[in-house]
Amino acid sequence: MVFRLFTLFFLFTLPFICVSQENAKTNYRSPLGIPLVLAANFGELRPNHFHMGLDFKTNGVEGLPLYAIEEGYIARIKISPYGYGKAIYINHPNGITSVYAHCSSFKGKLDSIVKVVQEKEQNFEIELFFVPTDVPIKKGEIIALSGNTGGSTAPHLHFELRDTKTEEAMNPLVYGFEIQDHKSPTIKGLKVYALTDEGYQIPGKSQIVSVSKTNNEYHIAGDLLTIPSDYCSEHGGIGFALEVVDQFDAADNICGLYKSVLKSGNDTIFRQQIDKVAFDHSRYINSHKDYHEYTVNKRKFHKSFKTEHNPLAIYPTSDLGIIKINPRDKLSLSYSAQDVKKNKSSLNFNVLVSEGKMNTSKSNFPSWSYFYPDSTIQFKNDKIEFSAQVHTFYEPTKKNLSLVAPFSFGDPTQPIQYPVIVKLKLPVSKVELSKYYINVISSGGKSHALLSTINGDWIRAESGYLGTFNIRVDTIAPSISPLNFKTTEITKGKNRYSWKVNESQTELVDYDLFIDGKWYVLEYESKGDYVFFDKPKGIVGKHKVEIIVIDSCGNVRKWTSDLVF
Ligand SMILES: [Zn+2]
């Protein structure tokens, strides 16, 4: 059962009563030395997660100094070719951690520590945790230079505030940062759904309603929405979603919604307000947004109803947002969407249910062709095993199950909360076992190599995607070739050397550079498929340069050349 109308009322309300803006804004300094302009705000809808911080523009360039917003100490750093790239976490005495991601380089004592550890571990990718006395930081101290590392696709600073103890991400616009904002949210669409205890994706029982703006007010045609009588059911109701985005004064970037309220007269039907999000809840965004509209039609509908399983702390009241309604009922509803600066947009409309029969069907999703969120799933034979824990699915999901090759599990267009486990029987081996991996073809025909482990004559992987699974073999090493120089040229005066690296099947897991046999840090830019080396000043003349790259199936490629520096 997905929606249960009257149960667990208090269980989900109590922890959220304390969420409010009473936390006094702290007098933080800006992390940048230029005016703060947002490319993205807190809570924006992203694939499988909310945006957990603010993206500050850096004038389209890298290398701007980043300042500690408050005194404290560096508690953690991480360097990865993915995600946050080079990131710094500073703990402050007020129990808040500030995070600075996608840096191009670190500064001061931190930079020296990182270099020593990278050399000791002979690894570009490191993660370090510090005690308060290791790297204390003064307010306004330059800690790093801005960049574009990790998953960033253009130079910017991704900045976060977190509760140090709980590690929840906090909305910096609520807890400490002012950004000029006189623009109210833009309402782009309304959607109505028939809801039953099976969920909201009932075929043919939802519709999008166009919204227009006249004289600063949002309207639907005739201010009236007529819905068929079979949207009503004895144990269900109807629910709404609002397509809404927001903008700030200094840029046209489309940002996310902060708060919305749906009311019927004076009664609140549903509220959302994004002040904090716990990292282990962020994936529940798949339950918050209308997933189909987001992935298929690129539209950002925030649902104003929820399942009891949705633990996100962004709903300040206990209301589930399900409106009990009968044929011929009429009601007046009002939506408001608001940003942190209290700029507000409203949409008022009436709902009329047509005369006719209610929906009396027992199930809209026959159990022979759908998985249900409330069940544990396991299928196996002598070739394959698929399993999924309870609440892996948010809604009833098409089984698409095939236990003979080509093996398939689930509707690839649907999201999952937890990875599904796939085990496949290995063929009689002709290649080394380490060369096997499980591949999944998911939504849009996209192929993903899964991190796989061998156990006896079975191979096992966890998959964040549903789709078609098979065993593949990777015996081909990554390719490597110079990108910004020729081996024949005398590259005197050049400071950065880069090489294109292509791994067509799996992933790069290690990459090292040696000059005359001594290890130097080689940085990896996964999004551009290249590695680079910043030459230390002392290296001049002719030297033997060797690069070794290895993929996740252990295929090794070496590149060697004499270079004249
Ligand atoms: Zn960001």
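For ligands, and for the atoms within them, numbers begin at 1 and follow the listed sequence. Hydrogens, waters and symmetry mates play no part in the numbers below; they use all other heavy atoms, side chains included.
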D246 and K259 ion-paired at < 4.0 Å: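 K259 and D246: not salt-bridged.
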Would you call E127 and R76 a salt bridge, taking side-chain N to carboxylate O under 4.0 Å as the test?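 Salt bridge present between E127 and R76.
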Check D55 and report its N/O/S atom nearest to the Zn ion (ligand 1), by atom name.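 Atom name returned: OD1.
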Step by step, work out the salt bridge (charged side-chain N to carboxylate O under 4.0 Å, His left out) result for E523 and K86. CA-CA 11 Å; E523 305 204 12; K86 295 183 186 176; 3.1 Å; yes
Examine all N, O or S atoms of H156, backbone included, and report whether one is under 2.8 Å from the Zn ion (ligand 1).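 Checking the Zn ion (ligand 1) against H156, no N, O or S atom falls under 2.8 Å.
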Under 2.8 Å: N/O/S of H158 next to the Zn ion (ligand 1):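 Given the 2.8 Å cut-off, H158 counts as a ligand of the Zn ion (ligand 1).
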For the side chain of K527 and the backbone of S152, is there at least one donor-acceptor N/O pair under 3.5 Å apart?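 Yes, the answer is positive, given that a donor and an acceptor are paired below the 3.5 Å cut-off.
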